[in-house]
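It should be emphasised that the depicted structure is a prediction, and the values quoted were computed from it without experimental measurement. Chain identifiers are assigned alphabetically (A, B, ...) following the order of the sequence lines, protein sequences preceding nucleic acid strands; residue numbering begins at 1 within each chain.
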There are 2 protein chains.
Amino acid sequence: MTAPQTQGISILLVDDHPVVRQGYRRVLEHQDDFHVVAEADNAADAYRAFKAHAPAVVVMDILMPGASGLEAVRNIRSRSSSTRILVFSMHCEAAQVKAAFNAGANGYVTKGSAPAELIRAIRAIIRGEQAISDDIARVLALESLSPSGSALDQLGEREIEILRQLAAGATTEQIAANLNLSIKTVQNYHYLIKTKTGMRTDAQLVRLAVECGLASL
Amino acid sequence: MTAPQTQGISILLVDDHPVVRQGYRRVLEHQDDFHVVAEADNAADAYRAFKAHAPAVVVMDILMPGASGLEAVRNIRSRSSSTRILVFSMHCEAAQVKAAFNAGANGYVTKGSAPAELIRAIRAIIRGEQAISDDIARVLALESLSPSGSALDQLGEREIEILRQLAAGATTEQIAANLNLSIKTVQNYHYLIKTKTGMRTDAQLVRLAVECGLASL
DNA sequence: CTGCAACTCGGGAAATTTTCCCAACAAACC
DNA sequence: GGTTTGTTGGGAAAATTTCCCGAGTTGCAG
């Protein structure tokens, strides 16, 4: 199980800036079990390279011209659930990070992170863990402590009300009836709430609502 | 702060049975600082009377024809967070009691309780405490000690484990991977758990799991 | 020992929901 | 006046839920 693979870990490196790619390639290949098998400088090429090389790990900048890097992450994730995806970005915003994980990323580090942190993150996601760099951790931690509803202040009143009722156990139909909305609208809100908050299941939504004091048990 | 209010404590009394109301009115007005300012015999009238009289305390039976008494509790609670609501019922079941507190009740006594217990409960909730009668306390205490979570002993081990992971926020895929089952099997269990427990949404499942000590928040 | 009941595991197929796109409208804001 | 933001819903493909079924395994009572 834990024996190192003889061929090492194949990596696809994606960044629109060649110099940056060079830098990362050097850092990555300094690990002798890491092997950068391909590079790409845009989302479309990244997806093509992914299909061609089936790398174990994709390391990509999500800030690229053209199609969003997040879109590439989604594409790759929908094609393979086993590929590990590490996103790096200059952004250190909670929403951005959540969006990346929601799109299917396994890790997120900022470009300001030390090389050792990048390596550590890659080894973590290979083990199946989720990885974030220290500065991201700090931002997310502080955000979760903020006095406002943290994940809730990104939601509108309607969204909050619907989340509250969802967490209370109401069905889509009941909510639609309670608020005098069409089922379709409630479904759309339900989906929107999930994407905005980064929650993937209704159970996670309930936990969020309870944490934010929206619902009780 | 602790000085008795000169006008005493205003009470709204709700029960669908006139004779029962008479009995309670007598017991309540035997306390000279208690004053029953209104009565109602159904949920809708209760809510109207509440808006009209703004009583300090609402004493209501939740077992009434028509709209659920719980619904009335919720309505009153959403209108005023300071009003104290004491629920009384013939039922002495843990689930019923929890539902009442969840709806916003401050206290719960059974109809079998002695008058002194009712008075004690009202004085307790006026002080901002939560109050339950002795028999309720015994039921809740025993339930919390019982090895099986009541609604859970109708579930098999596999079902319980899957419910636990669902409540923890795991996706179907993650559960299937964790337990080495097919997604199809997890879906079937998920459905089976819902039908066996009578829960209609995943949010309700989470609540159930938490109540039964299967999950925490 | 035999049969029955319960638990575990999954396939099939129809029904429903989720997902993600889009557009319209109002209010707020620059 | 143009832009963003919140609210409301349609459409259509993808995914999940729902419910039915069978099959292997235990355990237990007859």
Side-chain angles (χ1 to χ4, degrees), chain A residues 43 67-81 93 95 98-104 148-149 151-167 169-206 208, chain B residues 148 151-167 169-206 208:
Chain A
S68 161
L70 279 186
E71 203 46 45
V73 172
R74 251 186 291 274
N75 288 336
I76 291 173
R77 178 56 70 228
S78 69
R79 179 78 49 165
S80 158
S81 60
E93 292 150 3
K98 287 174 182 171
F101 276 96
N102 196 28
S148 66
L152 252 58
D153 42 26
Q154 61 187 316
L155 300 181
E157 280 182 52
R158 241 11 327 202
E159 291 159 338
I160 288 191
E161 175 58 21
I162 286 173
L163 172 57
R164 201 188 58 71
Q165 297 200 27
L166 280 172
T171 64
T172 299
E173 285 129 301
Q174 286 169 349
I175 297 174
N178 290 344
L179 301 181
N180 216 264
L181 295 175
S182 83
I183 288 182
K184 189 68 222 216
T185 299
V186 177
Q187 287 177 338
N188 278 335
Y189 273 117
H190 191 161
Y191 169 71
L192 194 61
I193 292 167
K194 277 207 259 185
T195 55
K196 274 193 180 180
T197 59
M199 300 294 120
R200 304 180 63 70
T201 69
D202 286 352
Q204 290 171 3
L205 276 186
V206 173
L208 177 72
Chain B
S148 64
L152 253 57
D153 41 27
Q154 62 188 314
L155 300 181
E157 280 183 51
R158 232 37 284 225
E159 290 159 339
I160 288 191
E161 174 58 21
I162 286 174
L163 172 56
R164 202 187 58 69
Q165 296 200 26
L166 280 171
T171 64
T172 299
E173 285 131 301
Q174 287 168 348
I175 296 175
N178 291 343
L179 301 181
N180 215 263
L181 296 174
S182 84
I183 288 181
K184 188 69 223 216
T185 298
V186 176
Q187 288 177 338
N188 278 335
Y189 273 118
H190 191 162
Y191 170 70
L192 195 60
I193 292 166
K194 278 206 260 186
T195 55
K196 273 194 180 180
T197 60
M199 300 295 120
R200 304 180 62 70
T201 70
D202 287 352
Q204 291 171 2
L205 276 186
V206 173
L208 178 71

Query - Rounded distance (nearest 0.5 Å) linking atom OG1 of A:T185 with atom CG of A:L179 - result: 10.5 Å
**Report entry** A:N75: side-chain hydrogen bond (donor to acceptor under 3.5 Å, both in side chains) partners, not counting sequence neighbours
**Finding:** none
List every contact pair, protein side and nucleotides 18-20 of chain D side both N or O, where the distance is under 3.5 Å.
residue, atom, partner, partner atom, Å
D:dT18, OP2, B:K194, NZ, 3.4
D:dT18, O4, B:K184, NZ, 3.0
D:dC19, OP2, B:Y191, OH, 2.4
D:dC19, O5', B:Y191, OH, 2.8
D:dC19, N4, B:N188, OD1, 2.7

Query raised in the report: Quick one: side-chain hydrogen bond (donor to acceptor under 3.5 Å, both in side chains) partners of A:E161, sequence neighbours excluded?
Result: A:R164, A:Q165
**Report entry** Residue list, side-chain hydrogen bond (donor to acceptor under 3.5 Å, both in side chains) with A:S80, at least two apart or on another chain
**Finding:** A:S82, A:T83
Query raised in the report: Can you tell me how far P of C:dT8 sits from CD1 of B:I162, to the nearest Å?
Result: 9 Å
Query raised in the report: What distance separates B:Q154 CD from B:I160 CD1, expressed to the nearest 0.5 Å?
Result: 9.5 Å
**Report entry** Any residue meeting side chain to side chain contact (heavy atoms under 4.5 Å, CB included) with A:Q187, in chain and number order, not counting sequence neighbours
**Finding:** A:T172, A:I183, A:K184
**Report entry** Value in whole Å for how far the C1' atom of D:dT8 lies from CD1 of A:I175
**Finding:** 16 Å
Query raised in the report: Stepwise, does the side chain to side chain contact (heavy atoms under 4.5 Å, CB included) test hold for B:I175 with B:H190?
Result: CA-CA 11 Å; B:I175 296 175; B:H190 191 162; over 6 Å; no
Query raised in the report: Looking at residues at least two apart in the chain, or sitting in another chain, which of them share a side-chain hydrogen bond (donor to acceptor under 3.5 Å, both in side chains) with A:N188?
Result: none
Report task. Check the distance between D:dT16's P and B:I183's CD1 and give it to me in whole angstrom. Result -> 7 Å
Query - Degree of bending, the helix from C:dC1-D:dG30 to C:dC30-D:dG1 (end axes from five pairs; round to 10°) - result: 30°
Query raised in the report: For A:E159, which residues count as a side chain to side chain contact (heavy atoms under 4.5 Å, CB included) partner, sequence neighbours excluded?
Result: A:L155, A:Y189, A:L192, A:I193, A:K196
Query raised in the report: What residues form a side chain to side chain contact (heavy atoms under 4.5 Å, CB included) with B:T171, not counting sequence neighbours?
Result: A:R200, A:T201, B:E173, B:Q174
**Report entry** Residue pair B:T197 / B:L205, side-chain heavy-atom distance below 4.5 Å
**Finding:** yes
For nucleotides 26-29 of chain C, print each protein N/O atom paired with a nucleotide N/O atom at under 3.5 Å, atom names and distance only.
none

Query - B:I193 CD1 to C:dC9 P, straight-line distance once rounded to whole Å - result: 12 Å
Might you list the N or O atoms of the protein lying below 3.5 Å from N or O atoms in nucleotides 5-7 of chain D, with each pair's distance?
residue, atom, partner, partner atom, Å
D:dT7, OP1, A:R158, N, 3.2

Query raised in the report: What closest approach, in Å, do A:A203 and B:A167 show between heavy atoms, and which atom pair accounts for it?
Result: CB-O, 4.1 Å
